[in-house]
Amino acid sequence: MDGGGGTFTSIDAFDSFLFSLSNAFSTPLALFIQIQGCLICLILAFGWACAAYVRNREIKRIKGRARAGNSFAFICNDISELEHSNQVNLPRVTVIMPLKGFGEHNLHNWRTQVTSLYGGPLEFLFVVESTEDPAYNAVLRLLSDYRDDVDARILVAGLATTCSQKIHNQLVGVEKMHKDSKYVLFLDDDVRLHPGTIGALTAEMEKNPDIFIQTGYPLDLPSGSLGSYCIYEYHMPCSMGFATGGKTFFLWGGCMMMHADDFRYDSYGVVSGLRDGGYSDDMTLAAIAGAHKRLITSPPVAIFPHPLASDLNLGRYWNYLRKQTFVLESYTSHVNKMMNRALFTSHCYLSWGFVAPYFMSMIHVAAALRFYVKGYSLEETGFSTVGMLMVCSLAVCTVIELFSMWNLTRVEVHLCNILSPEAPQLSLASYNWGLVFIAILVDNFLYTISAIRSHFSQSINWSGIRYYLKDGKIHKIEKSIPKVDTGPIYTDLGGKHLYGKKGMAPKVSFLGSLAKSLAQWRQPKKFDS
């Protein structure tokens, strides 16, 4: 607009709002939130760097033993351990696998479990709820292939009435385990073992009898979908707690080795704690270990490849996240309740505290682009450059965080390849780090929503069974009977087929799943079937 030889540019309403918002995000409180986001990135990067150091140290040890002449360094520390005189003295181990449904990777995972190179007495107990479970016939076929080579049975546990179905299956397995078993190893069906895993866990238990539980952690192998990357990102922060090379406070229910006598004699209340209202096996046992100051360890070789389902969409990811956040609503004591509440509050705060700076940075960048394109002056807009300084800082911290995540994943992939030299070699080539970044934002944004939903609902549908909590324990269980014409029902990360009917998995969008979840908030029973 011309005004007697001078020119000025009028600011439209949208740009005025954008600049006002950008300036609001440059206040001391907003700057604190953005600095906090940078610190979260750097803390995660440091934690992953430490975890990578522990895993990489184990790689060097294995390679060093191999150079010293131990061709089986991926199985044992000293090759003399493989001599017959040592093998005959190894303790008996019972491996219990609670099953529900049958997925695309289950058969391969089971084969890695039953073909362990452990030299001592070993029995495998596959436990299902009923013979109608698709896993039942799949396991029968597997056992027929190995009937002359392994000691394995399939048990039918029946429907749980006082605890989660998984815990019920585990306890039935414990009741049926061999009377001479010294250790019991609980494995999920999505655990892909290395040949020397059982031997390594047993050796640690023998070396240190004070160990209460030994555990490990999965290395997620995303299938390419955003949902699978959200699962990978969700597990990564916890991975640093399992890469300590020894003592840890973390426990993963997918791999837990314990003393069999602790179950025979209900030591520390492990059986009663699980049986009487237990929802989560690992959270319950971790609470018992904390209450009685018992030792949990995670050896550096306990890292397991975990291929995710090829059709793991955002809807299935949301269902998984709901089950994970619901765990914090269960507890065994008042102290455990307070700890879970503290974890709930801090995780929700940090999740949205992590996402908020990226939203603010998006506003700063949009305002800067409009400022540049329209040719506004600083006097007209009052645009602050402090916001762009924070954008640059956050970008640098994000790159450092992603690099550290990449490095830990690289090291763990390498370690898995060394521990399973006969298996197809894993690679980082398929990882899409752009999707990883998007998954970081999606997962942290949705976590708080899911946690709040879990807190107010106090019920969850897990694999067709609805559990209701009261005072932190299961007090009511309802099994859903699927309609005949609804098609197959899938759950969990492996895309498991739950009810035995053949067909394609139903396409459930994330928004549809979220909308249904919100509807379940008020009418849980209506949607169970």
Side-chain angles (χ1 to χ4, degrees), residues 91-102 106 109-110 112-114 116 118 120-140 142-143 146 150-191 193 197-198 201-202 205 212-216 251-285 288 462-463 465 474 477 492 496:
R92 175 178 286 274
V93 177
T94 295
V95 181
I96 298 175
M97 289 155 282
L99 307 180
K100 180 69 174 180
F102 181 64
N106 287 131
N109 295 340
W110 295 339
T112 67
Q113 293 169 4
V114 300
S116 168
Y118 180 65
L122 189 62
E123 71 169 339
F124 297 89
L125 302 180
F126 295 85
V127 191
V128 297
E129 173 199 319
S130 72
T131 57
E132 300 300 316
D133 192 308
Y136 181 80
N137 289 324
V139 172
L140 286 180
L142 174 73
L143 299 187
Y146 294 96
V150 299
D151 177 8
R153 290 179 288 157
I154 183 168
L155 306 176
V156 178
L159 186 63
T161 58
T162 63
C163 57
S164 70
Q165 188 64 47
K166 178 184 178 182
I167 290 177
H168 177 65
N169 288 9
Q170 289 172 325
L171 294 180
V172 168
V174 166
E175 292 176 359
K176 302 296 184 181
M177 69 180 172
H178 196 281
K179 62 181 180 62
D180 295 328
S181 287
K182 187 175 182 179
Y183 302 112
V184 56
L185 174 61
F186 298 104
L187 294 176
D188 280 356
D189 55 12
D190 55 2
V191 172
L193 286 189
T197 295
I198 298 179
L201 294 174
T202 305
M205 297 289 280
F212 181 53
I213 309 175
Q214 271 201 107
T215 188
L251 182 60
W252 179 52
C255 175
M256 302 185 298
M257 176 173 276
M258 302 180 64
H259 295 270
D261 280 347
D262 286 344
F263 287 90
R264 293 189 180 102
Y265 305 112
D266 195 16
S267 303
Y268 314 106
V270 292
V271 175
S272 53
L274 291 168
R275 180 192 59 216
D276 302 334
Y279 169 74
S280 169
D281 55 339
D282 47 15
M283 290 292 283
T284 300
L285 290 172
I288 292 173
W462 183 3
S463 299
I465 303 175
I474 292 175
I477 301 174
D492 293 328
K496 297 182 193 173

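Index from 1, following the sequence.
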> Could you verify whether a donor N or O on one side chain and an acceptor N or O on the other, from Asn169 and Gln165, lie under 3.5 Å apart?
yes
> Measure the CH2-CG distance between Trp252 and Asp282 for me, rounded to the nearest 0.5 Å.
9.5 Å
> May I ask you to check whether Phe124 and Trp110 place their ring centres under 6.0 Å from each other?
no
> Any ion pair linking Arg92 and Glu123 (charged N to carboxylate O, less than 4.0 Å)?
no
> side-chain contact (heavy atoms from CB on, under 4.5 Å) between Val93 and Thr202: does it pass, once the steps are laid out?
CA-CA 8 Å; Val93 177; Thr202 305; 3.7 Å; yes
> Measure the OG-CG distance between Ser280 and Leu285 for me, rounded to the nearest 0.5 Å.
8.5 Å
> Would you compute the distance between atom CE of Met97 and atom CG of Asp190 and round it to the nearest 0.5 angstrom?
12.5 Å
> Is Lys100 salt-bridged to Asp189, going by a charged N under 4.0 Å from an acidic O?
no
> Would you check if the distance from the ring center of Phe212 to the ring center of Tyr268 is below 6.0 Å?
yes
> So do Leu99 and Val127 actually touch side chain to side chain, heavy atoms under 4.5 Å?
no
> Is there a side-chain contact between Val95 and Ile198 in this structure, where contact means two heavy atoms from C-beta onward sitting under 4.5 Å apart?
yes
> Is the closest side-chain heavy-atom distance between Val128 and Val139 below 4.5 Å?
no
> Could you check whether any side-chain heavy atom of Arg264 comes within less than 4.5 Å of a side-chain heavy atom of His259, counting everything from C-beta outward?
no
> Rounded to the nearest 0.5 Å, what separates atom OG1 in Thr215 from atom CE in Met258?
11.0 Å
> Side chains of Cys255 and Leu185, heavy atoms from C-beta outward: is any pair under 4.5 Å?
yes
> Would you compute the distance between atom CD1 of Ile474 and atom CG of Asp276 and round it to the nearest 0.5 angstrom?
11.0 Å
> Decide side-chain contact (heavy atoms from CB on, under 4.5 Å) for Asp261 and Lys182; before the verdict, give the C-alpha distance in whole Å, the side-chain angles of both, and the deciding distance to 0.1 Å.
CA-CA 7 Å; Asp261 280 347; Lys182 187 175 182 179; over 6 Å; no
> Side chains of Phe102 and Asp133: closer than 4.5 Å at any heavy-atom pair?
no
> How long is the gap from CD1 on Ile213 to CE on Met257, to the nearest 0.5 Å?
12.5 Å
> Do Arg275 and Ile167 come within less than 4.5 Å of each other through their side chains, counting heavy atoms only?
no
> Are side-chain heavy atoms of Val114 and Phe126 found at a separation under 4.5 Å?
yes
> Are Phe186 and Phe263, when compared by the centres of their aromatic rings, separated by less than 6.0 Å?
yes
> Might you work through the side-chain contact (heavy atoms from CB on, under 4.5 Å) test for Trp462 and Ser164, ending with a clear yes or no?
CA-CA 9 Å; Trp462 183 3; Ser164 70; 4.1 Å; yes
